[in-house]
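Right, one structure below, let's go through it.
Counting from 1, the numbers follow the sequence of the chain as shown. These numbers come from a predicted model, not from an experiment.
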Amino acid sequence: MKDDKIKHFYNEVSQSLEGNYKIILEPGRALTEDWIEYDQVKWELEDGIQNIVNKLSKEKTLSFEDKILEIYKYICLNYIYDDNVLYFFKRDSSDINNIKYIAVDWYGRIIDEKWKENRKKHNRRVCYEFARFYAKAINELIKDYNNFEAFMVGDKENLHYFVGLTSNEYSIILDLDDFNNIKDLTRLKLGLTINGIRILRDDFQIFQKAIDKFNNKKLNELSEVVKVKEKLKGIDTIKYFKSIIEILNNYNIDSQGFMEYMRAIIENEEIEIEKIWKEIKDDNEKRYVRCLIFDFNLNTYLLDSVDKTLNVVSKEKLDKNTFVFNPEENKYLYYGG
């Protein structure tokens, strides 16, 4: 029965989303469709998530959908996106008319005990890890619900992964770290509404009502940012940017969250940006963070995601031992976690 539901969900995804997708399952199933892939490791929960799953399993006052959103919120508030993975994307220029980026297979996917132990030392995770343990957490909650199942969904180029949940009542996509937008990993830390859940089917509005309840009285944008937009947008662009940076620095968001938020603000002004990587010094690993460079009114600006600042720079004078343009895959060894 569950295999039939997975097939139905795949058809729903194929009809609703652009691109080619696959479904990733925990090892041990018998599905052999060409769009099925099996994870190489057994799905396990980290201690904090296991604790909240255990607590929610005993909770009688919350609906099943509310519990799913509680786990979603826990992940968003307690983890950050590991933007170091993006440093290892390889640029594929073999087809000049279809230049694309390819994710390395090993980062967060092919892991061992050393990786898991290293991961315990910090709260940075990539989309594959989020999808892996979120799907596992949901499946632990639904042991008594035979018509539900959660699994991982990814595009066939291995660029991004999220969770799919399907049942008789609804099919939904749960994506808390879509790096093409301001992630819910960032939005929820700012107290904003959930934006990363997409409903494919929900005839009785069951999940939609749960989302509406969660989002009730939450804003889609920070009120401070709205006021700054009204005062400075289109009048003093650089002051506008710096004012928003001051606001963001009052919140506990990570370097990737800061960068993606400011990228959306900057590109909304139709300013072309360029990515640059900054090495974080004095760390016990080789780690890089995405920053942005852009030109405006005869000046070149560096949006530094580590220091969370915006300053005029000379691109040619940037320290080549700290900043890197266009990194190549596996240029630097990564110790694993």
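No side-chain donor-acceptor contact under 3.5 Å links Arg263 to the backbone of Ile273. Panel note: side chain Asp184, backbone Ile194; no donor-acceptor pair is recorded below 3.5 Å. A distance-only check finds no donor-acceptor pair linking the side chain of Asn216 to the backbone of Asp212 [under 3.5 Å]. Between the side chain of Lys320 and the backbone N or O of Leu318 there is at least one donor-acceptor pair closer than 3.5 Å. Panel note: side chain Asp202, backbone Phe207; a donor-acceptor pair is recorded below 3.5 Å. No donor-acceptor pair under 3.5 Å is formed between the side chain of Asp175 and the backbone N or O of Gly196. Between the Asn215 side chain and the Lys218 main chain, no donor and acceptor come within less than 3.5 Å of each other. Distance alone, capped at 3.5 Å, is enough to place a donor-acceptor pair between the Asn84 side chain and the Tyr288 backbone. Between the side chain of Arg132 and the backbone N or O of Glu26, no donor-acceptor pair lies under 3.5 Å. Using a distance-only test at 3.5 Å, with no hydrogens or angles considered, no donor-acceptor pair links the side chain of Glu140 to the main chain of Ala137.
The residues Lys55 and Glu70 are annotated as not salt-bridged, no charged nitrogen and carboxylate oxygen being separated by less than 4.0 angstrom. Between Lys5 and Glu149 there is no salt bridge, since no side-chain nitrogen of the basic residue lies less than 4.0 Å from a carboxylate oxygen of the acidic one. A salt bridge between Glu59 and Lys67 is absent, with no side-chain N of the basic residue lying under 4.0 Å from a carboxylate O of the acidic one. With salt bridges taken as basic N to acidic carboxylate O contacts below 4.0 Å, none links Lys114 and Glu117. Between Lys315 and Glu274, at least one side-chain nitrogen of the basic residue sits less than 4.0 Å from a carboxylate oxygen of the acidic one, meeting the salt-bridge criterion. A salt bridge is defined here as a Lys NZ or Arg NE, NH1 or NH2 lying under 4.0 Å from an Asp or Glu carboxylate O, and Asp307 with Lys278 meets this definition.
The shortest non-hydrogen separation linking Asp83 to Ser255 is OD2-OG, 3.2 Å. Of all heavy-atom pairs between Lys183 and Leu176, the closest is CB-O, 3.5 Å. Contact record, Asn78 with Asn123: O-ND2, 3.2 Å, taken as the closest heavy-atom pair. Closest approach of Arg29 and Ile6 over heavy atoms only: NH2-CD1, 3.2 Å. Nearest approach of Thr309 to Ile245, heavy atoms of both residues: C-CD1, 4.2 Å. In terms of heavy-atom proximity, Asp295 sits nearest to Ile271 at O-CG2, 4.0 Å.
No more than 12 heavy atoms of other residues, nucleotides or ligands lie within 6.0 Å of NZ in Lys317, so this atom counts as exposed by the packing criterion. By the 6.0 Å contact criterion, CG on Asn252 is open, its count of non-hydrogen atoms from other residues, nucleotides or ligands being 12 or less. Within a 6.0 Å sphere centred on CG of Asn250, heavy atoms belonging to other residues, nucleotides or ligands number more than 12. More than 12 heavy atoms of other shown residues, nucleotides or ligands fall within 6.0 angstrom of atom NZ in Lys156.
Connection of Ile265 to Leu219 is established within a shared hydrophobic cluster, with ILVMFWY side chains joined at heavy-atom distances below 4.5 Å, either directly or through further cluster members. The hydrophobic clustering, which links ILVMFWY residues whose side-chain heavy atoms are closer than 4.5 Å, places Tyr170 and Ile71 together.
Side-chain rings of Phe214 and Tyr72 stay apart, their centers remaining 6.0 Å or farther from each other.
Ring pair Tyr301/Phe294 is parallel by interplanar angle, where below 30° counts as parallel and above 60° as perpendicular. Note on ring orientation: taking the six-membered ring where Trp is involved, the planes of Phe133 and Phe130 are perpendicular (angle over 60°, cut-offs 30° and 60°).
Checking Phe151, Tyr21, Tyr128, Tyr134 one by one against Tyr161, the ring-ring contact (aromatic ring centres under 6.0 Å, His included) holds for a single residue, Tyr128.
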Expected list for residues 227-236: side-chain donor-acceptor pairs under 3.5 angstrom, two or more places apart:
unit_1: Lys233; atom_1: NZ; unit_2: Asn268; atom_2: OD1; d: 2.9
unit_1: Lys233; atom_1: NZ; unit_2: Glu269; atom_2: OE2; d: 2.3
unit_1: Asp236; atom_1: OD1; unit_2: Lys239; atom_2: N; d: 3.2

